[in-house]
Amino acid sequence: MRLSRYFLPTLKEDPKEAQIASHRLMLRAGMIRQSSAGIYSWLPMGFKVMKKIEQIVREEQNRAGALEILMPTMQPADLWRESGRYDDYGKEMLRITDRHERDMLYGPTNEEQVTDIFRSHVRSYKNLPLNLYHIQWKFRDEVRPRFGIMRGREFLMKDAYSFDLDYEGAKTAYNNMFVAYLKTFSRLGLNAIPLRAETGPIGGDLSHEFIILADTGESEVFYHKDLLTLETPTETNYTAEELQGIVDKWTSYYAAADDMHDPANCDVSEADLVSRRGIEVGHIFHFGDKYSKAMGATVAGPEGKDVVVSMGSYGIGVSRLVGGIIEASHDDDGIIWPESVAPFNVGLINLKSGDEACDAACEDFYGKLTNLDIEVLYDDTSGRAGEKFANMDLIGLPWQATIGPRGVKSGVVEVKNRATGEKQELGLDDALQLLAGRN
RNA sequence: CGGGGCGUAGCACAGCCUGGUAGUGCGCUCGCUUUGGGAGCGAGAGGUCGCAAGUUCGAAUCUUGCCGCCCCGACCA
């Protein structure tokens, strides 16, 4: 992509409403545009990153055996009356009346909707286990949206819902998602920590939040320092026992958010206990028959009797992750994208656009990178060097390749690693090889 | 929802107290000079001063009402 043909409205100065790094940087890097409080348009580069995150989430859900569907954003109130949540939910739920005076709502979540789909199509235990997920926009009318995309009112979420015959099955479904989450966050370049979460009135121990570490995190977390040294599982088809083993291992280390942390009850020595701030990016939850019972989601069991299915739900905040990743990975100059979600792999800087030799060298290099399926943002504009460098640092592409009059003469390109700041002058072929190897 | 603050050009702001033809910096357009970390000079474009009513000869400025946005707290992916 040539920058001269792209839409990347970057800002030199900080918009005053942006208080935290991700919000500030997303606005400055031209990723989003606020429409109203907590509601944003996604501009090309922001959208591209979000789509990459979404795709990684999707691939790991698919690998885990979940099936993608798409449920609507607008839901009928009647479904929510069945579960009793229409009255319970409060003002966070955006209620809308259609032209026929029917009560509708913009979905803040989809348990009712998916349970309705399940009960009307699944009759036998033989069709279980089943896990349906979708990646869809949700709306929660937060009293006070803030932090840009991190806590907006409209947000993109992946929600998976599992259906099993009994608790044992549901537990395996839960463990399966637990492991899928470890893989997902690892691929996103994040250190995610599973925290035991409040299970509310349902009880049990099957609820975990996944948080990523960032200084601006919303809550304080405490965890055993060895937790971050655990290896992320990589295989695809684990047995129920293997899944349980992985989950047991990951949950054997102490990890708690401030609301669950009790110093008196924490057996980790002070030297091993780490305290940092975290951002919640995922939540998995077993809720048993809460919705299936209220809404009559049953299947015929092996003995021919109807059984109320056991359910769980598993969310990942896809749009929130865009901000979350920036919170976890930036410096004073701008964003530092992990390679897996970077909008482009390489930023190619032409230091003297209009200079025949420079243009030719850049065009050649650009073509070669593109032919290797490397996504390149080629700054072919007539801007000044400093401006181009600063802009490239701001948008945070993992690699920068700079070609200027000086380098053209000696046939070299300067390659800079955005994360480490390390620069090296390489011949064109060596530079290609380096960048291709990283792709 | 309690408390506080702010709405003036794409962005950041001054002007308001003490009413009198709407400004500065950055960005944008054109020209010349520059050119390896956010250049210089010159010439331009761009604003219903959030909206409405009121006071006044005259309102960005004073009064009232409304709307929007931000921050702290409580609450949440």
Side-chain angles (χ1 to χ4, degrees), chain A residues 9-20 23-24 27-28 30 33-39 57 89-93 107-110 135-160 181 192 195 197-198 200 207-212 217-219 257 259 278-285 313-324 332-334 349-355 358 379 381-394 400 402-410 412-414 416 421 423 425:
Chain A
T10 56
L11 298 172
K12 197 166 165 180
E13 291 170 90
D14 290 334
K16 73 168 172 182
E17 74 268 21
Q19 299 298 311
I20 62 164
H23 190 194
R24 201 178 68 235
L27 289 170
R28 284 195 53 204
R33 157 84 187 169
Q34 180 166 336
S35 168
S36 62
I39 302 178
V57 170
Y89 217 91
K91 292 181 112 173
E92 282 191 351
M93 183 156 79
T109 182
N110 296 77
I135 299 172
Q136 176 64 292
W137 291 93
K138 294 184 163 189
F139 193 91
R140 288 187 196 164
D141 200 0
E142 299 281 347
V143 228
R144 194 187 154 212
R146 66 183 108 173
F147 307 146
I149 219 65
M150 298 277 289
R151 191 161 160 210
R153 292 194 289 173
E154 189 182 50
F155 52 97
L156 187 65
M157 279 206 65
K158 184 283 297 181
D159 276 289
Y181 275 34
L195 301 180
E198 203 61 72
S207 177
H208 286 88
E209 286 176 8
F210 285 77
I211 60 106
I212 57 177
E218 65 224 330
S219 56
D259 58 329
I279 299 167
E280 183 180 356
V281 290
H283 198 159
I284 59 178
F285 197 80
S313 72
Y314 317 91
I316 290 180
V318 175
S319 52
R320 169 178 272 199
L321 271 167
V322 181
D332 288 346
D333 295 325
I349 297 176
N350 183 342
L351 275 184
K352 194 164 184 180
S353 195
D355 177 273
C358 244
D379 186 347
T381 65
S382 58
R384 303 174 59 79
E387 181 180 353
K388 292 191 174 195
F389 288 132
N391 228 24
M392 216 41 105
D393 285 345
L394 171 64
Q400 296 171 16
T402 302
I403 294 180
R406 230 158 59 192
V408 166
K409 272 187 204 148
S410 42
V412 299
V413 48
E414 182 186 275
K416 172 178 157 181
K423 296 177 193 168
E425 295 216 325

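In what follows, chains are A, B, ... by sequence order, proteins preceding strands, each numbered from 1.
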Could you give the distance separating [M] and [N] at their [atom1] atoms, to the nearest angstrom?
| N | M | atom1 | result |
| --- | --- | --- | --- |
| A22(B) | A59(B) | C1' | 13 Å |
| C69(B) | G50(B) | C1' | 10 Å |
| A45(B) | A53(B) | P | 31 Å |
| A60(B) | G19(B) | C1' | 10 Å |
| G65(B) | G5(B) | P | 16 Å |
| U18(B) | C1(B) | C1' | 40 Å |
| C49(B) | U8(B) | P | 11 Å |
| U48(B) | G37(B) | P | 40 Å |

Closest-nucleotide ordering on RNA chain B, the 5'-leading residue of Gly152(A) and Val408(A):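 Looking at the nearest nucleotide for each, Val408(A) comes out on the 5' side.
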RNA chain B: 5'-proximal contact among Arg320(A) and Gln400(A) (nearest heavy atom): Gln400(A)
Covered region of RNA chain B, 5' end to 3' end, by chain A [heavy atoms, under 4.0 Å]: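 Using the under 4.0 Å cut-off, the span is C1(B) to A77(B).
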Under the 3.5 angstrom rule, does the side chain of [X] hit a backbone N or O of [Y] as a donor-acceptor pair?
| X | Y | answer |
| --- | --- | --- |
| Glu218(A) | Glu280(A) | yes |
| Glu142(A) | Phe139(A) | no |
| Arg320(A) | Met150(A) | yes |
| Arg24(A) | Ala18(A) | no |

Check every strand shown and say whether [X] touches a base, only sugar-phosphate, or nothing at a heavy-atom separation below 4.0 Å.
| X | result |
| --- | --- |
| Lys388(A) | nothing |
| Gly404(A) | base |
| Gly383(A) | nothing |
| Gln19(A) | sugar-phosphate |
| Ala37(A) | sugar-phosphate |
| Thr109(A) | nothing |
| Glu13(A) | base |
| Lys158(A) | nothing |
| Arg28(A) | base |
| Asp14(A) | sugar-phosphate |
| Gln34(A) | sugar-phosphate |

Partners meeting side chain to side chain contact (heavy atoms under 4.5 Å, CB included) with [X] (sequence neighbours left out):
| X | value |
| --- | --- |
| Gln400(A) | Ile349(A), Met392(A), Asp393(A), Lys416(A), Arg418(A) |
| Arg146(A) | Arg144(A), Arg151(A) |
| Thr381(A) | Leu3(A), Ser4(A), Asp379(A), Lys388(A) |

Base paired to [N] (Watson-Crick or G-U; both N/O distances under 3.5 angstrom):
| N | answer |
| --- | --- |
| U34(B) | none |
| C51(B) | G65(B) |
| G27(B) | none |
| G20(B) | C57(B) |
| G73(B) | C1(B) |

Contacts of Arg28(A) that satisfy side-chain hydrogen bond (donor to acceptor under 3.5 Å, both in side chains) - sequence neighbours left out: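 Testing Arg28(A) for side-chain hydrogen bond (donor to acceptor under 3.5 Å, both in side chains), a comparison that skips the adjacent residues, returns none.
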With Tyr314(A) via ring-ring contact (aromatic ring centres under 6.0 Å, His included) - residues at least two apart: none
